[in-house]
Amino acid sequence: MTYPFLEIEKKWQEYWDKNQTFKVVEDPSKPKYYILDMFPYPSGAGLHVGHPEGYTATDIIARYKRMKGYNVLHPMGWDAFGLPAERYAMQTGIHPKITTQQNISNFRRQIKMLGLSYDWSREIDTTDPNYYKWTQWIFLKIYNSWYDKELNKARPINELPIPNNLNEQEKYEYIANQRLAYLAEMPVNWCEELGTVLANEEVDEWIEKGYKVERKMMRQWMLRITAYADRLESDLDELDWPENIKDMQRNWIGRSEGAEVEFQVKNHIDTIKVFTTRPDTLFGATYMVLAPEHKLVEKITTSDYMHNVLKYKEQSSLKSELERTSLDKNKTGVFTGAYAINPATKKEIPIWIADYVLLSYGTGAIMAVPGHDERDYEFAKKYNLEIVEVVSGGNIETAAFTGDGIAVNSANDEVSLNGLPTKEAKEKIINWLQEKMIGKRMINYKLRDWLFSRQRYWGEPFPLVYDENGRVIDLPEEELPILLPDVESYKPSGTGESPLATIENWVNYVDKKTNKIYRRETHTMPQWAGSCWYYLRYLDPNNPNKFCDSEKEKYWMPVDLYVGGAEHAVLHLLYSRFWHKVLYDLGYVSTKEPFIKLVNQGLILGEDGQKMSKSLGNVINPDEVVENYGADSLRLFEMFMGPLEDTKPWSTKGVEGVFRFLNRVWRMFIDENGKINASLKDIPLSVEQERILHQTIKKVTNDIETLNFNTAISQMMIFVNSFINLDVKPLSAMKIFIKILSPFAPHLAEEIWSRLGNSQSIVFEPWPEYDEEKTKEDMIEMVIQVSGKVRAKLQIPLDSTEDLVKDLAMKQESVKKYIEGKEITKIIFIKNKLLNIVIK
RNA sequence: GCCGGGGUGGCGGAACUGGUAGACGCACAGGACUUAAAAUCCUGUGGACCGCAAGGUCCGUGUCGGUUCGAUUCCGAUCCCCGGCACCA
């Protein structure tokens with residue numbers, strides 16, 4: 001007979017729902033705790049066993065913190081815009097709204113079946129107009145801001161100082177160029193079959209699925225995240241996040257220090273600016289390379305070379321980002337016929353174009369120092385360009401020397417670096433460049449501005465229109481939300497515009513006051529937009545007047561613990577930190593950072609140790625697990641498998657193991673007739689029982705705090721193993737045990753708690769305290785070593801002195817045997833641990 | 001190549017701050033209950049060797065070395081695995 005988990009779980013889920021047990025409101029008398037799960041994309045496939053892992057972990061902490069007296073905010077919602085629903089609509093003609101709602105219902109059912117203690121009154125859905133109204137509102141705030149480099153913060157656009165003497169058009173452009181959201185003609189990843197651009201990070205995924213992605217110049221909305229590069233990097237130091245995630249963000253931001261140097265193009269008025277981290281090697285710059293898309297290319301190319309250059313440009317434009325970067329060892333390029341003057345050597349150096357130089361990094365041009373840069377070296381070898389040694393320490397006959405060393409061959413009439421170590425040489429040459437006004441110290445970031453528009457239907461419309469001159473006009477806040485219109489066909493328009501562009505009466509926007517006709521922006525926002533700020537909407541999900549009441553924001557923020565998959569390490573977490581900082585600068589939120597502590601749950605593999613996938617047939621469906629063993633077993637097993645952060649394989653036998661444990665717990669309290677087990681009596685605990693009880697409270701308490709749920713469960717198993725066979729079980733200990741089990745197996749705990757005669761839910765019972773003194777053993781096992789090897793074990797009273805232990809040890813046959821006739825050189829005594837007799 | 005994390009029984013994993021390696025669970029073996037099975041309960045279970053037995057000896061935390069009375073833990077080298085990044089000038 002197994003315990004009636006199906007019945008119990010249904011009963012308590014209904015109870016929690018009906019009584020709104022987990023609904024919270026602000027309560028200044030209690031400390032708050034905001035614990036957040038990364039909200040899921042409700043896919044058609046339903047919940048995966050990976051989801052309950054993180055959700056159970058946060059649920060245990062949420063329930064624990066409630067019992068500890070915290071006011072716990074623990075919400076759930078749906079990140080429901082996205083391409084899969086739209087693609088399904090393209091195939092079936094069914095509105096994505098409908099499939100999305102179906103998927104959400106299924107996800108909600110599955111999540112509810114796990115007994116997670118969410119405050120469902122705060123449920124949000126990014127595709128709900130009442131939600132995306134505020135996504136649009138925040139976009140307008142970003143659009144209507146500029147970055148003040150002096151104050152190092154964003155400010156409203158109407159505070160932007162505007163130079164006099166600008167005409168109206170110039171003024172418009174000046175302002176447009178300062179906004180944190182701006183239009184730019186960009187090389188983008190265009191996928192013809194999907195009919196949309198893709199973010200760089202999305203490209204690989206679609207190529208794997210067999211789609212073609214090409215580079216194309218398109219006008220797109222960009223968000224000026226680069227203005228925050230510095231703060232996004234330095235504020236990481238304050239966060240309690242896994243070191244590898246912080247590192248990934250640092251790498252992504254990619255700060256590097258160096259200098260910008262200007263090179264005069266021979267016989268032209270133009271100069272070429274380059275960024276270099278090694279200004280000390282300026283004397284070794286023997287040629288220059290421009291990215292093929294660099295705007296000076298066609299201007300400086302001589303007629304003899306024009307044909308080649310254009311052909312090369314054509315070829316590289318056809319390559320995708322992936323192709324351009326994966327053909328790493330074979331660099332190509334062509335000479336432009338033009339020369340630049342190396343400002344240090346005054347020599348004429350040839351200007352090439354090559355696609356190993358990227359337009360998007362630095363200035364899109366480099367000074368090539370083949371002696372001290374591997375890429376330049378390889379390129380110079382291939383095309384027979386001059387290689388000069390300017391830093392000693394390597395052998396440039398065989399390879400570029402990229403390390404630090406002593407500068408050589410680096411002097412002109414005005415400045416000499418010769419003899420200086422790299423660091424000093426950098427300083428000196430930068431000073432010289434600055435004096436000559438041809439260069440300056442500079443910090444560069446790998447981070448690029450965020451390409452924020454998509455040519456899709458299923459996303460938030462931009463609250464923007466264009467006038468007849470193509471100028472952008474933001475719509476007033478009162479008109480939000482800008483509703484996503486219904487559409488006949490979800491297929492791409494075929495013109496590189498979103499399906500929205502085909503709806504004439506939506507595209508044409510009539511200003512009510514002036515009756516002027518404007519054209520709406522028909523692109524939509526990327527999926528990341530909704531997830532950038534959802535943690536704020538949970539605080540005040542139904543507020544029709546504000547994205548979030550500021551008193552509520554001050555009470556709940558920041559998020560104390562954020563748990564989710566490592567796949568969002570960079571993008572979601574960087575984007576939402578960025579939005580948060582903009583809101584912070586503008587005074588809408590009170591904290592610099594949204595998520596104080598972050599934990600990534602590990603991946604759950606199939607039973608075969610491989611990643612779960614339909615094609616391998618190793619996918620575990622949580623519905624089936626719950627049906628066969630109950631939600632409490634699923635929860636417990638997911639936590640028992642191993643450390644939360646680790647990747648670990650599923651095991652059906654393992655689920656059976658924890659299921660057996662829960663059955664043992666049930667039988668410990670309830671007999672075959674469903675009555676309270678007659679062995680439960682109101683009797684005092686023995687010293688031994690008290691010790692195990694207090695050890696268990698201590699271990700479980702500490703392990704929850706440190707998120708070591710697997711060992712907490714082990715300890716509870718130890719407790720049950722030692723109490724289950726007692727003929728008489730002390731009721732007081734049993735009650736304490738069921739409380740500490742309750743965050744892990746809440747349904748079972750509620751049922752037993754209520755059968756023990758309690759009319760109130762166990763959810764708000766105070767968490768049991770332990771007494772350190774009572775956790776201590778009075779007799780402990782002392783290890784006796786001879787020269788580091790264990791030779792005997794003694795049962796001795798706690799805190800026995802060295803002398804006592806020594807006397808006892810020396811009497812042991814097994815010890816005598818080894819020390820007899822030997823000289824004792826040293827005795828090491830560690831209280832309550834061991835005695836080590838060192839002999840010669 | 002660079003950055004981060006990790007290699008512990010047949011398996012998932014424990015082990016505080018340098019102090020008994022293998023908690024807890026799975027699997028397996030033996031036993032009890034049962035007409036039988038399932039369920040449940042009890043016992044054993046890192047390896048090699050010695051012993052009829054009680055028990056004992058040696059080896060053992062990827063590999064090789066070092067520090068130490070003592071190393072899964074600290075240091076150096078090395079191999080392998082996982083995750084991320086990768087022409088970023």
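Every chain is numbered from 1, with letters handed out A, B, ... down the list of sequences.
Nucleotides B:C81 and B:A27 place their C1' atoms 25 Å apart, quoted to the nearest Å. Rounded to the nearest Å, the gap between the C1' atom of B:U45 and that of B:G30 is 11 Å. A distance of about 29 Å separates the C1' atoms of B:C11 and B:G19, rounded to the whole Å. Straight-line distance between the P atoms of B:U63 and B:C50: roughly 26 Å, to the nearest whole Å. Of the P atoms belonging to B:C82 and B:A77, the separation is 24 Å, rounded to the nearest Å. Taking atom P on both nucleotides, B:G10 is separated from B:G5 by 29 Å, rounded to a whole Å. For the P atom pair drawn from B:G13 and B:U8, the interatomic distance equals 9 Å after rounding to whole Å. Across B:U72 and B:G18, the matching P atoms stand 13 Å from one another, rounded to whole Å.
Legend: residues meeting salt bridge (charged side-chain N to carboxylate O under 4.0 Å, His left out) with A:Asp449, ordered by chain and number and at least two apart, are absent. Every residue two or more places apart in sequence or in another chain that forms a salt bridge (charged side-chain N to carboxylate O under 4.0 Å, His left out) with A:Arg691 is listed here: A:Glu688, A:Glu777, A:Asp778.
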### Derivation of the side-chain contact (heavy atoms from CB on, under 4.5 Å) call for A:Tyr383 and A:Trp352
CA-CA 10 Å; A:Tyr383 294 107; A:Trp352 287 60; 3.6 Å; yes

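When both distances must be under 3.5 Å, the Watson-Crick or G-U wobble mate of B:U20 does not exist. When both distances must be under 3.5 Å, the Watson-Crick or G-U wobble mate of B:U63 is B:A77. For B:A53, there is no paired base (Watson-Crick or G-U wobble, both distances below 3.5 Å). A 3.5 Å limit on both hydrogen-bonding distances identifies B:G44 as the Watson-Crick or G-U partner of B:C28. Pair assignment for B:C33: none, as no Watson-Crick or G-U wobble contacts are both less than 3.5 Å.
Scanning atom types as modelled, no donor and acceptor separated by under 3.5 angstrom connect the side chain of A:Lys446 and the base of B:C85. Side chain A:Lys653 to base B:C11: no donor-acceptor pair is found below 3.5 Å.
The interatomic distance linking A:Asn702 (CG) with B:U17 (P) rounds to 12 Å, in whole Å. Taking atom OH of A:Tyr361 as the reference point, atom C1' of B:A86 lies 13 Å away to the nearest angstrom. Here the P atom of nucleotide B:U17 and the CG atom of A:Asn832 are 18 Å apart, to the nearest Å.
Using a 4.0 Å heavy-atom criterion, one finds that A:Thr2 contacts no nucleic acid atom at all. Counting non-hydrogen atoms under 4.0 angstrom, A:Pro242 reaches nothing in the nucleic acid. Within the nucleic acid shown, A:Arg664 comes within 4.0 Å of sugar-phosphate atoms alone, with no base atom in reach, counting heavy atoms only. Within 4.0 Å of A:Ser651, counting heavy atoms only, lies no atom of the nucleic acid at all. Residue contacts for A:Gly657: at a heavy-atom cut-off of 4.0 Å it reaches the sugar-phosphate backbone alone, with no base atom in range.
A salt bridge does not link A:Glu638 to A:Arg635: none of the charged nitrogens lies less than 4.0 Å from a carboxylate oxygen. Salt bridge A:Glu672/A:Arg667: absent, no basic N to carboxylate O contact under 4.0 Å. Ion pairing between A:Arg250 and A:Asp237 holds under the 4.0 Å rule for side-chain N and carboxylate O.
For B:C59, one of the phosphate oxygens OP1 or OP2 lies less than 4.0 angstrom from a side-chain nitrogen or oxygen of A:Lys789. Side-chain nitrogen and oxygen atoms of A:Asn725 include at least one within less than 4.0 Å of the OP1 or OP2 phosphate oxygen of B:C42.
Counting only heavy atoms from C-beta on, A:Val783 has its side chain closest to B:U20 among B:U20, B:A89, B:U40. Set against B:U20, B:G19, B:C85, the side chain of A:Lys793 has B:U20 as its closest nucleotide. With distances taken from any side-chain atom of A:Ile828 to the nucleotides B:A14, B:A89, B:C69, the minimum falls on B:C69. Here the side chain of A:Asp247 is nearest to one of B:A14, B:G12, B:C3, namely B:C3.
The closest donor-acceptor contact from the side chain of A:Asn836 to the backbone of A:Ile828 lies at 3.5 Å or more, if one exists at all.
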Can you check nucleotides 21-24 of chain B for protein contacts, nitrogen or oxygen pairs under 3.5 Å, and list what you find?
unit_1, atom_1, unit_2, atom_2, d
B:A23, N1, A:Ser714, OG, 3.4

Could you list all N or O pairs between the protein and nucleotides 54-57 of chain B that sit under 3.5 Å apart?
unit_1, atom_1, unit_2, atom_2, d
B:U57, OP1, A:Tyr818, OH, 3.0

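Around the CD atom of A:Gln795, the shell of radius 6.0 Å holds more than 12 heavy atoms that belong to other residues, nucleotides or ligands.
Residue pairs meeting the salt bridge (charged side-chain N to carboxylate O under 4.0 Å, His left out) criterion with at least one partner in residues 643-657 of chain A, sequence neighbours excluded, are A:Glu53-A:Lys648, A:Lys653-A:Glu656.
Side chain to side chain, A:Asn444 and A:Arg255 fail the donor-acceptor criterion of an N or O pair below 3.5 Å.
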Hey, can you pull the donor-acceptor pairs under 3.5 Å for the side chains in residues 706-716 of chain A, sequence neighbours left out?
unit_1, atom_1, unit_2, atom_2, d
A:Thr706, OG1, A:Asn702, O, 3.0
A:Thr706, OG1, A:Asp703, O, 3.4
A:Thr706, OG1, A:Asn708, OD1, 2.8
A:Thr711, OG1, A:Asp703, OD2, 2.8
A:Thr711, OG1, A:Asn708, O, 3.1
A:Ser714, OG, A:Asn710, O, 3.2
A:Gln715, NE2, A:Thr696, OG1, 3.1

